Amino acid sequence: MSENKTQLRWRMRAGRRQLSAYQQRLHGRSAITLLNRIPQMKRALHIGIYWPMDGELDVRPLLQRFPKKHFYLPILPVEPHPHLGFKQWNGSPLPFRNRFDIPEPVRSPSRAAGILDLVLVPLVAFDPNGARLGMGAGFYDRTFEHKQLLPGSGPLLIGAAHQLQCVDQLPTDNWDIPLDMVVTEKRIYRCR
Ligand SMILES: Nc1nc2c(c(=O)[nH]1)N(C=O)[C@@H](CNc1ccc(C(=O)N[C@@H](CCC(=O)O)C(=O)O)cc1)CN2
Ligand SMILES: Nc1ncnc2c1ncn2[C@@H]1O[C@H](COP(=O)(O)OP(=O)(O)OP(=O)(O)O)[C@@H](O)[C@H]1O
C-alpha cells in the first residue's frame, strides 16, 4: 500500500530534524545563494518568510543579505479570519510566541498576504511539480486560495526545503495550492 499523507509527514519531519546544526547552516546559506539568482527575488520588495521550527530550512539570513527589502512573518489566524496574517520583521528579538511556540512580531505593521511580492513557504515535503505537504492545518492553502481563482495572481510562492524533503509524487487534494518554485540547498525547481 502506498504511504499516506500522515505517514509521509512523520517520516519527512524526522528526516529534517536529524540534520546537524552545521548542515542546517550550510543548507540555508546555499539555498539563499540560489535564490539570489532568481529575477523575481531581485525585484521583490515585500517578502514573506518564516521562523524555522522542527528542522525547517532556515532562511532568516536573507535579512542580512538583502538589507533594503522588507520581510514579514506569518501570524496565526484569529477567528473569524481563516487567513494567515503577515507582519513586518526587521530581525529584532520576538518575545511573543504563538500556540505552536513560534515567535510572532505582534506589534509590527501588517501587510495583506495577497499583496506581498513573494512568499517563501515552509513545507514538510514537496514534489518537482510544486505539490506541497505542510503541517496539516491548511493555513497556507487557505491564505493563498485566490491564486487558484485568479491564475497568474501574486504573490509568487517559493517553497523552501532541504533536498531530502523532495519526493517523486505527492498525493494532492483539490484545495492544495501549488508552489510556483521550490528552492533547496542543491537546486531551484521551476514548477509552473
Ligand atoms: N515555521 C513555520 N511557521 C509557520 C508554519 C509552518 O509550517 N512553519 N505554518 C504553516 O501552516 C503555520 C503554523 N502551522 C502549524 C500547524 C501545525 C503545527 C503542529 O501540528 N504542531 C505540533 C502539534 C500541535 C501542538 O503543539 O499543539 C507538532 O509539532 O506536531 C504547527 C504549526 C504558520 N507558521
Ligand atoms: N481552501 C480551503 N478551504 C477550506 N478548507 C481548507 C482549505 N484548504 C485547506 N483546507 C483544510 O485544511 C486541512 C489541512 O489541509 P492539508 O493537509 O493540505 O494542510 P497543509 O497544506 O499540509 O498545512 P499547512 O498549510 O498548514 O502547512 C484539510 O483537511 C482541509 O479540509
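In this chain, numbering begins with 1 at the start of the sequence shown. One-based numbering, in listed order, for ligands and for the atoms of each. Not measured: the values here are computed from a predicted model.
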Counting heavy atoms only, which of [options] is nearest [atom]?
atom                    : options              : result
atom 10 (N) of ligand 2 : K5, E145, R142       : R142
atom 30 (O) of ligand 1 : R13, M135, E104, R99 : R13
atom 18 (C) of ligand 1 : F139, W10, F100      : F100
atom 20 (P) of ligand 2 : G136, A125, A131     : G136
atom 6 (C) of ligand 1  : G138, G134, P122     : P122

Which atoms of ligand 2 sit under 4.0 Å from any heavy atom of [X]?
X    : value
R132 : 21 (O), 24 (P), 25 (O), 27 (O)
D176 : 18 (O)
Y140 : 25 (O)

Would a 4.5 Å heavy-atom cut-off, applied to side chains only, mark V119 and I158 as touching?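 No - every pair of side-chain heavy atoms lies 4.5 Å or more apart.
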
Per-residue contact class, L123 against ligand 2 - non-hydrogen pairs under 4.0 Å: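 Neither part.
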
Quiz question: by atom type and distance under 3.5 Å, do the side chains of [X] and [Y] form a donor-acceptor pair?
X    : Y    : answer
S108 : Q88  : no
D127 : Q169 : no
H46  : H70  : no

Any protein heavy atom at under 4.0 Å, with atom 28 (C) of ligand 1 as the reference point?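 Under 4.0 Å from atom 28 (C) of ligand 1, at least one protein heavy atom found.
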
Heavy atoms of the protein only: does one fall short of 4.0 Å from atom 23 (C) of ligand 1?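 It does not; no protein heavy atom is within 4.0 Å.
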
same_hphob_cluster(F100, Y72) at 4.5 Å side-chain heavy-atom cutoff: yes

Can you hop from L118 to I75 via hydrophobic side chains spaced under 4.5 Å?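 Per the 4.5 Å side-chain linkage, L118 and I75 are not co-clustered.
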
Quick test: of every protein heavy atom, which one is nearest to [atom], and how far off is it to 0.1 Å?
atom                    : value
atom 2 (C) of ligand 1  : E56 OE1, 3.4 Å
atom 16 (P) of ligand 2 : W175 NE1, 3.8 Å
atom 17 (O) of ligand 2 : R9 NH2, 3.3 Å
atom 22 (O) of ligand 2 : G134 N, 2.7 Å
atom 34 (N) of ligand 1 : P74 CG, 3.8 Å

I would like to know whether K5 and D176 meet salt bridge (Lys or Arg N to Asp or Glu O under 4.0 Å); could you show each step before the answer? CA-CA 13 Å; K5 273 191 171 185; D176 286 329; 3.6 Å; yes

Charged tip of K69 within 45° of F66 ring normal and under 6.0 Å: yes

Do we get R142 above W175's six-membered ring, with its NZ or CZ under 6.0 Å from the centre and within 45° of the axis?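 That pair does not qualify as a cation-pi contact.
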
Relative to the heavy atoms of W51, which atoms of ligand 1 are at a distance of less than 4.0 Å? 1 (N), 2 (C)

I need the contact type for I102 against ligand 1. Using non-hydrogen atoms and a strict under-4.0 Å cut-off, is it side chain, backbone, both or neither? side chain

Nitrogen or oxygen of G138 less than 3.5 angstrom from that of ligand 2: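 Between G138 and ligand 2 (N or O atoms, distance only) the closest approach is under 3.5 Å.
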
So is there a nitrogen or oxygen of Y140 less than 3.5 Å from a nitrogen or oxygen in ligand 1?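 N/O-N/O distance below 3.5 Å does not exist for this pair.
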
Fit a plane to each ring of F144 and F86, take the angle between them on a 0 to 90° scale, and name the class: parallel (under 30°), tilted (30 to 60°) or perpendicular (over 60°).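 The arrangement is tilted - the two ring planes meet at 30° to 60°.
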
Atom CG of residue position D168 - does it have more than 12 heavy atoms of other residues, nucleotides or ligands inside 6.0 Å?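 No, because the 6.0 Å sphere around CG of D168 holds 12 heavy atoms or fewer from other groups.
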
D54 and R17: salt bridge (Lys or Arg N to Asp or Glu O under 4.0 Å), yes or no, with the steps? CA-CA 6 Å; D54 194 43; R17 268 199 306 268; 2.6 Å; yes

